[in-house]
Amino acid sequence: MIAPDEPFLHALKKRWIPPEMTTAPALDPNEPAGAIEPHYALLINPFYPKDANASFGKHVLTPTLALTSFAATTPAHWRVDYWDENLLDGRPPFRPMPQVVGITVHLTFARRAFELADWYRARGAKVIFGGLHVLSCPDECAPHADALALGDGVQLWPLILRDVEANLLRPRYVATYENDYCDDPSPRRTILPRHSFLTTTSLIATRGCHNRCGFCYLATDGLRMPYRMKRPDQIVAEFQKDDQPYAVFIDNNLGSRRDYLHALCAALRPLNKIWSAAVTIDVTDDPSLIRHMALAGCTGVFVGFESLSDNNLADAHKKTPKTSDYARRVRMLHDYGIQVNGSFVLGFDHDRKDVFARTADWIEGNRLECATFHILTPYPATPLFQQMEAQGRILHRDWNLYDTGHAVFQPKHMTPEELEHGYAWIYQRLFSHASIWRRRPQQLQAAPLYLAMSYLYKRSNRFWHLLIKHDLVNPVWKPLVEMTRWRHVRYRRQLAQQGELIAGAASLAAPGQVVSAGV
Ligand code: B12
Ligand code: SF4
């Protein structure tokens, strides 16, 4: 057991991070304006500084769908290019100068988005902003863009391009998330650099969540996102078309509607591919669903446990089983060879300085293969932000630091510095040799692949940096992913042979896998 004060007994090691992962590429202020290419749109995912505590691998596991989702609605006479500044290939292109630059804006990279926008606008391009930060802070974004897209870009992008062509661009375009999701086209993944991501198949089958946690961006003032689902056959077609062995579902919660997840699993099963997804732990209410997920190729789930304190979860209005039952539910997933990546938020009002040691102990005791940590962050326009502001606990509004790796509010039972120290400690602890070893699978056959995954994912940031820099992520990982898929297909054949005997699953040799469980 880890002593409650262990995190605060020693100074922490400084983690290695190269400057190009903390500083955005320079934009030359003296670059003259070049010729504008009509009907050319450039879509940019701006640079954000990486956290040296976490794995660099997470940034290239799978791409955001923010840009590819609406790129699919670009009229045929427009050329569209994609640039992700986080792939370390330098600043976005400008020769020829695009007629339109579309930028996705989150609060953590809003400042960089503004720099890029100002640079392109000064040289004659029309800049369009969309994304979460535009929705929560439109007035802050407006001075830097020719137009803001508030809400669903899939509906707005064709209207915006039409108005650009007619020289009738309006400053704001608004769309809700209430249309039939099945009408959306598939994201245009062909514009992505395939070699740069472990898999280009980020899938999204649903939008929304049955919960409304006060700290989640889904609770943002003015955002109405009813739970909407695509038809399972649409998802199957997207998965097939992208021709990758592994997909990551980036849905907020793929498990909000269990009947839907059952139907999706039935459709995915014949593909013989593998996938991971974010779900809430209550999916384990239905053991047959866990079996169905395993049979359909689910190798890992990303679960927002958030906290091991029922009081914290009640304060956040999260409808979830009692925390005392979490361990049993994790075992159910493990029994079906499904890895668990637990996501934990640190700094809630019932967290004291022992929260770091207790959380690490629980993760190790329950052998969670991966864990992701976030310092509680009050996102603007959420109930949590309003509450903290009313209590005078917001320390500053430097959005760059609202990256869940910094304490931006006054915690109740510790100082902001202690919260940041505890956060860094828990990552270092969970990425340590001792912790990786303590969490090895109970079945020894699965241990070598678990260890390979852990070391490659958690302790190889220098290696990840090289892979990203030299566009080698996909070529190097693909054989490992393919091997994981192959082993999983063999595992589920055995699982299927066991018929409906749910209790028997634990006796099967666990499949073992090198891919980590979700983003
Ligand atoms: C994939 C993903 C990632 C990937 C890729 C991130 C990237 N930017 O490249 C990885 C794993 C690297 C990642 C990392 C992080 N992420 Co992240 N991530 C996501 C995730 C799961 C999916 C994003 C996505 O594709 N959504 C689907 C698209 C279609 O929706 P959308 O982005 O809203 O886009 C629509 C509209 O907004 C609009 N739109 C968007 N941009 C534009 C632009 C134009 C021009 C137009 C017209 C329209 C438009 O049209 C789109 C279609 O409707 C979301 C959760 C989610 N399900 O959305 C979290 C999320 C975006 N991440 C979040 C966070 C906090 C992080 C981290 C900071 C966490 C951490 N500490 O590690 C890091 C670092 C990133 C950073 N500094 O910003 C938060 C952001 C909260 C907030 N209020 O900003 C989210 C919402 C998760 C959450 N529940 O809290 N993430
Ligand atoms: S369960 Fe997760 S996705 Fe759903 S509202 Fe809560 S934090 Fe957001």
Side-chain angles (χ1 to χ4, degrees), residues 41 43-51 53-71 73 84-87 100-110 112-113 127-136 145 147-157 159-161 173 175 177 184 187 197 202 204 206-220 223 225 248-253 255-256 278-282 302-304 306 313 316-320 343 345 372-375 377 379-382 399-400 402-406 518-519:
L43 306 181
I44 305 178
N45 188 30
F47 178 89
Y48 52 85
K50 310 299 172 295
D51 179 354
N53 291 302
S55 170
F56 293 166
K58 79 182 263 182
H59 304 285
V60 284
L61 184 63
T62 198
T64 164
L65 286 177
L67 300 167
T68 43
S69 59
F70 70 79
T73 63
D84 185 342
E85 287 199 295
N86 301 291
L87 301 178
V100 170
V101 175
I103 306 180
T104 186
V105 191
H106 287 184
L107 79 171
T108 50
F109 46 77
R112 176 61 178 173
V127 171
I128 319 297
F129 278 169
L132 299 178
H133 194 58
V134 178
L135 202 63
S136 43
L148 303 183
L150 291 123
D152 186 9
V154 175
Q155 296 169 57
L156 297 176
W157 183 242
L159 307 181
I160 292 171
L161 293 185
Y173 293 78
Y177 288 96
D184 276 18
F197 295 99
S202 323
I204 184 161
T206 67
R207 296 221 73 175
C209 175
H210 68 293
N211 262 308
R212 269 292 172 282
C213 306
F215 59 84
C216 181
Y217 86 101
L218 287 178
T220 300
L223 173 63
M225 201 186 269
V248 179
F249 281 94
I250 54 127
D251 305 50
N252 291 300
N253 184 358
S256 267
V279 293
T280 35
I281 192 65
D282 51 11
F302 181 89
V303 177
E306 328 298 6
L313 294 168
H317 306 293
K318 179 152 182 155
K319 287 179 250 135
T320 184
S343 172
V345 177
T372 309
F373 303 99
H374 307 274
I375 290 180
T377 301
Y379 296 134
T382 57
W399 305 135
N400 269 22
Y402 277 59
D403 61 354
T404 78
H406 293 88
V519 287

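Order of listing sets the numbers, starting from 1, for every ligand and every atom in it.
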Any N or O of Ser69 closer than 3.5 Å to N or O of ligand 1: no
Of all the atoms in ligand 1, which lie at a distance below 4.0 Å from a heavy atom belonging to Tyr177? 35 (C), 36 (C), 37 (O), 53 (O)
Strictly under 2.8 Å, is any N, O or S atom of Cys209 next to atom 4 (Fe) of ligand 2? yes
Check each atom of ligand 1 against the heavy atoms of Ile128 and keep those under 4.0 Å away; list them by number with element. 45 (C)
Check whether any N or O atom of Leu65, backbone or side chain, sits under 3.5 Å from an N or O atom of ligand 1, and answer yes or no. yes
Is there a nitrogen or oxygen of Gly153 sitting under 3.5 Å from a nitrogen or oxygen of ligand 1? yes
Contact (N/O only, under 3.5 Å) between His106 and ligand 1: no
To which of Phe249, Phe70, Tyr217 does the heavy atom nearest atom 88 (C) of ligand 1 belong? Tyr217
Is the ring pair Tyr402/Trp399 parallel, tilted or perpendicular, if the boundaries are 30 and 60 degrees? perpendicular
Counting backbone and side-chain atoms alike, does Cys213 have an N/O/S atom under 2.8 Å from atom 8 (Fe) of ligand 2? no
Under 4.0 Å from a heavy atom of Asn211: which atoms of ligand 2 are those, numbered in the order shown and with their elements? 1 (S), 4 (Fe), 5 (S), 6 (Fe)
Between Ala66 and ligand 1, which part of the residue brings a heavy atom under 4.0 Å of the ligand: side chain, backbone, both or neither? both
Between ligand 1 and Asp84, is the shortest N or O to N or O distance under 3.5 Å? no
Could you work out, for atom 22 (C) of ligand 1, the closest of Val60, Asn53, Ile250 by heavy-atom distance? Ile250
Ligand 1 atoms nearer than 4.0 angstrom to some heavy atom of Leu107 are 82 (C), 83 (N), 84 (O)
Got an N/O contact under 3.5 Å between His59 and ligand 1? no
Within 45 degrees of the ring normal and closer than 6.0 Å to the centroid, is that where the cationic atom of Lys58 sits relative to Phe56? no
Using heavy-atom distances, let me know which of Ile160, Asp152, Leu132 sits nearest atom 53 (O) of ligand 1. Asp152
Heavy-atom contact under 4.0 Å between Arg207 and ligand 1? yes
Against heavy atoms of Lys58, which atoms of ligand 1 measure under 4.0 Å? 11 (C), 12 (C), 70 (C), 72 (O)
Out of Thr73, Leu87, Leu148, Thr108, who is nearest to atom 76 (C) of ligand 1 when you count heavy atoms only? Thr108
Any idea which part of Asn45 is under 4.0 Å from ligand 1, heavy-atom wise: side chain, backbone, both or neither? side chain
With a 4.0 Å cut-off on heavy atoms, does Pro380 reach ligand 1? no
Polar side-chain atom of Ser202 near backbone of Pro63 as donor-acceptor pair, under 3.5 Å: yes
Within the distance-only criterion (no hydrogens, no angle test), does the side chain of Asn45 pair as donor or acceptor with the backbone N or O of Thr104 below 3.5 angstrom? no
For ligand 1, which atoms sit closer than 4.0 Å to a heavy atom of Asp403? 68 (C), 71 (N)
Filtering Thr382, Thr62, Val105, Asn252 for the heavy atom nearest atom 55 (C) of ligand 1 leaves Asn252
What do you reckon, does Asn86 have a nitrogen or oxygen under 3.5 Å from a nitrogen or oxygen of ligand 1? no
Ligand 2 contact by Thr280, heavy-atom criterion under 4.0 angstrom: yes
For ligand 2, indicate whether the residue Lys318 contacts it via side chain, backbone, both or neither (heavy-atom separation under 4.0 Å). side chain
